Structure formats: C-alpha cells, structure tokens
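Right, one structure below, let's go through it.
Remember, predicted model here, so these are calculated numbers, not experimental data. Heavy-atom basis, side chains included; hydrogens, waters and symmetry copies ignored.
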Amino acid sequence: MTEPQPDAAPKIEPEDEPERGPLRRCIVTRESAARETMLRFVVAPDRTLVFDLAAKLPGRGLWLSARADVLERALTRGGFIKAARGPIHISPDLRLQIVDGLKGRIRDHLGFARRAGQAVTGFQAVREWLQAGRAALLVEAAGGSASERERLLGRRDVPVVTPLVAEELGGIFGRAHAVHVALAPGALAGRVEQDALRLAGFVTT
C-alpha cells in the first residue's frame, strides 16, 4: 500500500546526514541513539520500503527507534514519506517482517553459539555456568516462571532477555523445549542481547 500523505506537521531537518559514527537519528522522534539499538530501512529502486535487518543494504538509511509506537507514527503520520521525499510502497505486514527478522537473527546467533560451545541449556548446566562466572547473558523462555528465574540467578548481575518461547529455544538445542540458556562472553552474546532488546519494543512477553 502507499502510505497516506503527511499532514501539516512541523518541518523536519534534512535526512541526508552521513551514516558515520556510532549514533543515528530517528526519523520520527528526532532522537539520536546507538545504531545497534535502532532499525534501518532503505527505499528500493521501485520505491518499495525495505527493512534492512543487518543494516548493510546500499542506499540512504531511514532509521527508526525500535518501538512499535514509533513505527505506527511513521506509518500513519507520513514519517517514511517525509524521509523518503516522495510516495513509497509499504508492505502491510511490515511489523511482522521486523519481528520475524529479529527472531530469526536471534535463533541464528544462538545456533552459532551452541555449535561453538558458547551456549548451554538446562537448569543445572546454566546454574553451573552462573556459579563459575562463565555466563555473560541469560536467555529465558518468554512466559517462563519469574520465581524460577530469580532462584537460578540469585544475586548475580547477569543481563536477562526473553525473546523466544520455550519451543523456539528448544528447537535450537534439539529439544522439544528449553527454558534457560546461558551464553559465554563474546560477540554472539552481544548480538543476541542487542536483537532481543530491539525485539522487545515490538512484542509483549
């Protein structure tokens, strides 16, 4: 569909800021944040808006804060049209593309971590990693028991994310389901955490 024409909103600054440095500016809120925390879109030659999951596609990036309400404003108030300087085609399932894309990346990174010996699952295995100080990130199944999570963590200051349901986590480890996953320090843990935090802006767990 083609996005509705923008209303008489206040004039915004040009979007031709060079894509250099660690920060990007949201086309809706006008706030700057680390690029890893945001979502990038580009306009294809046929004027289709494309969600650039890996933030590597050629073209001028249209950056958005990773929140459902910000996406809604960009869709309904002409934010993408203003930034793209003209009519564009926007998929009606753009939000689903974002959610599915981020979940897919998380599954991929967890799979890489498992094969590299940088991830374990199961209450006992995860607890041993936590006790040994080997866990940099705890990935918990969405909707899991908060009390069990607290019992597992104790007073340890380890980040926790809940991007996937138990069946999705289990599939990564060849199980019917998994509730607790610990990741070792490193780039993969960082990527999982970043993508999980971006995903959290679009789903309620």
Grab the two heavy atoms, one from Leu183 and one from Ala189, that are nearest each other, plus how far apart they are.
CD2-CA, 3.7 Å
Determine which pairs satisfy salt bridge (charged side-chain N to carboxylate O under 4.0 Å, His left out) with at least one residue from residues 144-157, sequence neighbours left out, and list them in order.
Glu140-Arg149
Separation between CG of Leu102 and CZ of Phe202, rounded to the nearest 0.5 Å:
7.5 Å
According to the ring-ring contact (aromatic ring centres under 6.0 Å, His included) rule, which pairs have a member within residues 113-156, sequence neighbours left out?
Phe123-His180
Between Trp63 and Arg35, what is the shortest heavy-atom contact and its length?
CZ3-O, 3.7 Å
Ser145: side-chain hydrogen bond (donor to acceptor under 3.5 Å, both in side chains) partners, not counting sequence neighbours:
Ser147
Geometric class of the Phe51/Phe41 ring pair [parallel <30°, tilted 30-60°, perpendicular >60°]
tilted
Check for me, please, whether Val203 and Val160 land in the same ILVMFWY cluster - side-chain distances under 4.5 Å, paths through other members count.
no
Looking only at heavy atoms, the pair that brings Val181 and Ala119 closest together is CG1-CB, 4.4 Å
If you measure from CZ on Arg24 to OG on Ser65, what distance do you get to the nearest 0.5 Å?
13.5 Å
Could you grab the distance from atom CG of Leu94 to atom CD1 of Ile90, nearest 0.5 Å is fine?
7.0 Å
After noting the C-alpha distance and the side-chain angles of Leu164 and Leu110, does the key distance pass the side chain to side chain contact (heavy atoms under 4.5 Å, CB included) rule?
CA-CA 11 Å; Leu164 305 174; Leu110 287 173; 4.1 Å; yes
Determine whether Val126 and Leu152 satisfy the following criterion, side chain to side chain contact (heavy atoms under 4.5 Å, CB included), listing intermediate values before the conclusion.
CA-CA 8 Å; Val126 170; Leu152 178 62; 3.8 Å; yes
For Phe112, what residues pass the ring pair (Phe, Tyr, Trp, His ring centres under 6.0 Å) criterion, not counting sequence neighbours?
none
Using a 4.5 Å cut-off on heavy atoms from C-beta on, say whether the side chain of Leu169 contacts that of Thr121.
no
Would you kindly confirm whether Val139 and Val179 end up in one hydrophobic cluster when ILVMFWY residues are joined by side chain heavy atoms under 4.5 Å apart?
no
Does any N or O in the side chain of Arg47 come within less than 3.5 Å of the main-chain N or O of Pro87, such that one atom is a donor and the other an acceptor?
yes
Gap separating the CD1 atom of Ile88 from the CG atom of Leu62, nearest 0.5 angstrom:
7.0 Å
Which ring-ring contact (aromatic ring centres under 6.0 Å, His included) pairs, counting each pair once, include a residue from residues 135-164, with sequence neighbours left out?
none
Under 4.5 Å side-chain linkage, directly or through intermediates, the cluster mates of Val42
Val50, Leu57
Would you say Leu188 ends up clustered with Val161 if hydrophobic residues are merged whenever their side chains have heavy atoms under 4.5 Å apart, either directly or through other cluster members?
no
Residues pairing under salt bridge (charged side-chain N to carboxylate O under 4.0 Å, His left out) where one sits in residues 162-190, two or more places apart or in two chains, turn out to be Lys103-Glu168, Arg107-Glu168
For Thr37, side-chain hydrogen bond (donor to acceptor under 3.5 Å, both in side chains) partners two or more places apart
none
Please check if Val120 and Val192 belong to a single hydrophobic cluster, counting links between Ile, Leu, Val, Met, Phe, Trp and Tyr side chain heavy atoms closer than 4.5 Å.
no
Who passes side chain to side chain contact (heavy atoms under 4.5 Å, CB included) against Arg67, sequence neighbours left out?
Asp69, Val70
With side chain to side chain contact (heavy atoms under 4.5 Å, CB included) as the criterion, how do Val158 and Leu153 come out once you've worked through the C-alpha distance, each side chain's angles and the decisive distance to 0.1 Å?
CA-CA 8 Å; Val158 177; Leu153 268 174; 4.0 Å; yes
Tell me, which pairs form a salt bridge (charged side-chain N to carboxylate O under 4.0 Å, His left out) where one or both residues lie in residues 184-203, sequence neighbours left out?
Arg105-Asp195, Asp195-Arg198
With sequence neighbours left out, the residues meeting side-chain hydrogen bond (donor to acceptor under 3.5 Å, both in side chains) with Glu128 are Gln124
Nearest 0.5 Å please: distance from the CG atom of Leu138 over to the CG atom of Leu130.
6.0 Å
Taking Val28 as the fixed residue, which of Arg73, Arg77, Glu72 is the one that meets the side-chain contact (heavy atoms from CB on, under 4.5 Å) rule?
Arg73
Looking at every non-hydrogen atom in both residues, tell me the closest pair between Pro159 and Ala136 and how far apart they are.
CD-O, 3.3 Å
By ring pair (Phe, Tyr, Trp, His ring centres under 6.0 Å), which residues pair with His109, not counting sequence neighbours?
none
Of all heavy-atom pairs between Arg40 and Gly59, which one has the smallest distance, and what is that distance?
NH2-O, 2.6 Å
CG (Leu64) and OG1 (Thr29) are apart, to the nearest 0.5 Å, by 8.0 Å
Determine whether Val43 and Phe80 satisfy the following criterion, side chain to side chain contact (heavy atoms under 4.5 Å, CB included), listing intermediate values before the conclusion.
CA-CA 10 Å; Val43 179; Phe80 282 123; over 6 Å; no
